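Bear in mind the structure is a predicted one, so any value in this text is a computation, not a measurement. First listed ligand is number 1; within each ligand, the first listed atom is number 1.
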Amino acid sequence: MIATKESTIDIFMKMVENRNPGQAEFQQAVYEVALAVIPFMEKHPEYKKANILERMIEAERIIIFRVPWVDDQGNFRVNRGFRVQMNNAIGPYKGGLRFHPNVTLSVLKFLAFEQVYKNSLTTLPMGGGKGGSDFDPKGKSDNEVMNFCQSFMTELFRHIGKDTDIPAGDIGVGSREIGFLFGQYKRLSNEFNGVLTGKGFAYGGSLIRPEATGYGLLYFVEEMLKLKGDTIRNKKVLISGSGNVAQYAIEKTLVFGGIPITASDSNGFIYDPYGIDAEKLAYLMDLKNKKRGRISEYAEKYGCDYFEGERPWKIPADIALPCAVQNELDEDDANKLVSNGCLLVAEGANMPTTPDAITVLQKNGILYAPGKATNAGGVAVSGLEMSQNSARLYWTREEVEGKLKLIMQSIHTQCIQYGTGADGKIDYLKGANIAGFVRVADAMLAEGHV
Ligand code: NDP
């Protein structure tokens, strides 16, 4: 029986590799879903008959375009822009824009594919998409970033719209970039609407949107621990990254009484055994969001250890929250977490844990929850920002955070519904993938062969 299932997955993955050659990240994301969904479809022939999974892995539309711009020295520069419109069965395409030199079509297809499931888990009416560019905002002046954003939007604006496709931020696209992109969209379309989320509060943004992914992650972790009769209080927490998600994951860890002891960037990580408290976090936010400095400067200021070119997973702690980038926690890292007695790994980033690392964590009984469930708070509050923009009103901080908390609790419940095994153990990965799949698949069945 097991052999049949494995071979069905193998055959499916060969097809995926042949149709998407060289796209390692996309293949990895599909494999993770296929492991859960293919056995599920065996018991639900209506999905299999309609070839739903094969249809889901094919993007509905991909746009690739040239982004010409001029730097401060007057040099003519060019980057590549992308928008992957993956699936709009349950709502308009929705997903962030990433500006990073490592952006490729494979990376954006993996992110768009994950986004379809994540958005479905929020239960809000949002399909999945993702976009971005291989442009690197690091080391660029504000003027150069604005020139780039205006050129990027000059092409993208034809393909997006408040009821068609609503981009947001991701790595390298924060409030500064969203502002420039929105300004250019407005000029080109002559419309002021909710076409982008993550906007500043002054021009249609939602309260709590900057905080949402990090906060949502911690709400989810608290639910996971609650089931075990435990809490975050006094637990040591490893966090990677020092961007948007990491900053607010640190902030909410403190609110729950946990002790965040690491943060990182693409150069290395800091280990602060006394904990990153509110004052140190304020310094970190200023360093990263305003001065655009390096995490090593935190170690210089507070006299703690800095590990150049390394990742935080070797430090003993109770909880690990990877919040930086895909594949940042591998098998060796997972083994270190296991031998140091870590209880729980929950993903703030998208696909930060490699498949081999997930196997190590699950085999050793570490609670593991995937990003499509745990980091869905960001897109959930983006969905709430869209609702506020459509209704032309603002909700209070308390209203938005209350809704965010309920959504994260509901995602946790869905994971339990679809991920609890006969032995009573919860497989969050399986639960998230099947729960995300079912809603989109049902909509696709209802909408016919489109
Ligand atoms: P930011 O750009 O704000 O921060 C990214 C962080 O990751 C920075 O600290 C960056 O360091 C670090 N980083 C980037 N590349 C690497 C690398 N190769 N190795 C180690 N560290 C690296 O992005 P976000 O915080 O918004 O996003 C972080 C992750 O969370 C991403 O995977 C994103 O897709 C995911 N996510 C974000 C959401 C959001 O609402 N923002 C929602 C859901 C998921 P450096 O400064 O050196 O570049």
Side-chain angles (χ1 to χ4, degrees), residues 25 29 94-103 107-108 110-112 114-115 117-119 121-122 128 130-132 135-140 167-178 197-198 205-206 208-217 220 239-251 262-270 284-285 287-289 291-298 307-313 321-330 333 346-353 370-383 385 404 408 411:
E25 295 86 357
K94 177 94 197 87
L97 296 171
R98 178 175 290 192
F99 291 169
H100 191 279
N102 293 346
V103 161
V107 167
L108 295 178
F110 118 63
L111 289 165
E114 290 252 313
Q115 197 79 45
Y117 289 71
K118 183 186 308 190
N119 293 2
L121 285 168
T122 67
K130 201 85 187 186
F135 172 76
D136 188 358
K138 243 184 279 168
K140 304 285 190 306
D170 189 73
I171 292 180
V173 179
S175 57
R176 174 182 61 170
E177 290 76 14
I178 291 290
T197 58
S206 174
I208 302 287
R209 176 60 188 92
E211 295 89 338
T213 307
Y215 280 17
L217 172 65
F220 197 97
I239 292 173
S240 65
S242 50
N244 172 268
V245 179
Q247 291 170 13
Y248 290 105
I250 293 172
E251 187 169 289
T262 62
S264 71
D265 63 20
S266 47
N267 291 100
F269 81 94
I270 57 107
L284 179 86
M285 286 180 163
L287 175 70
K288 283 291 170 183
N289 305 344
K291 299 198 181 79
R292 302 197 182 263
R294 308 309 300 156
I295 198 72
S296 56
E297 294 169 53
Y298 177 105
F307 298 82
E308 175 78 19
E310 291 191 55
R311 305 187 288 214
W313 317 124
L321 306 177
C323 295
V325 74
Q326 65 270 11
N327 293 328
E328 57 164 316
L329 196 163
D330 64 18
D333 298 320
E347 299 180 339
N350 285 310
M351 209 169 74
T353 316
K372 55 173 75 79
T374 50
N375 71 28
V379 74
V381 173
S382 275
E385 182 174 332
L404 168 65
M408 297 314 296
I411 296 173

Task: For Phe110, all residues meeting ring-ring contact (aromatic ring centres under 6.0 Å, His included), sequence neighbours excluded - done: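 For Phe110 there are no ring-ring contact (aromatic ring centres under 6.0 Å, His included) partners, ignoring immediate neighbours.
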Task: Which residues share a side-chain hydrogen bond (donor to acceptor under 3.5 Å, both in side chains) with Lys372, sequence neighbours left out - done: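 So Lys372 forms a side-chain hydrogen bond (donor to acceptor under 3.5 Å, both in side chains) with Glu32, Glu114, Asn433.
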Task: With Asn102 via side-chain hydrogen bond (donor to acceptor under 3.5 Å, both in side chains) - residues at least two apart - done: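 None.
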Open item on the list: Side chains of Thr353 and Glu347: any donor to acceptor distance under 3.5 Å?
Closed with: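 Checked: Glu347/Thr353 side chains pair up, N/O donor to acceptor below 3.5 Å.
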Task: Test side chain to side chain contact (heavy atoms under 4.5 Å, CB included) applied to Ile295 and Asn267, step by step - done: CA-CA 8 Å; Ile295 198 72; Asn267 291 100; 5.8 Å; no
Task: Within 45° cone of Phe135 ring axis and under 6.0 Å: Lys140 NZ or CZ - done: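 Lys140 over Phe135 ring: yes.
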Task: Under 4.0 Å from ligand 1, counting heavy atoms only: the protein residues, by chain and number - done: Arg98, His100, Lys118, Lys138, Asp170, Ile171, Gly172, Arg209, Thr213, Gly241, Ser242, Gly243, Asn244, Val245, Ser264, Asp265, Ser266, Lys288, Arg294, Cys323, Ala324, Val325, Gly348, Ala349, Asn350, Asn375
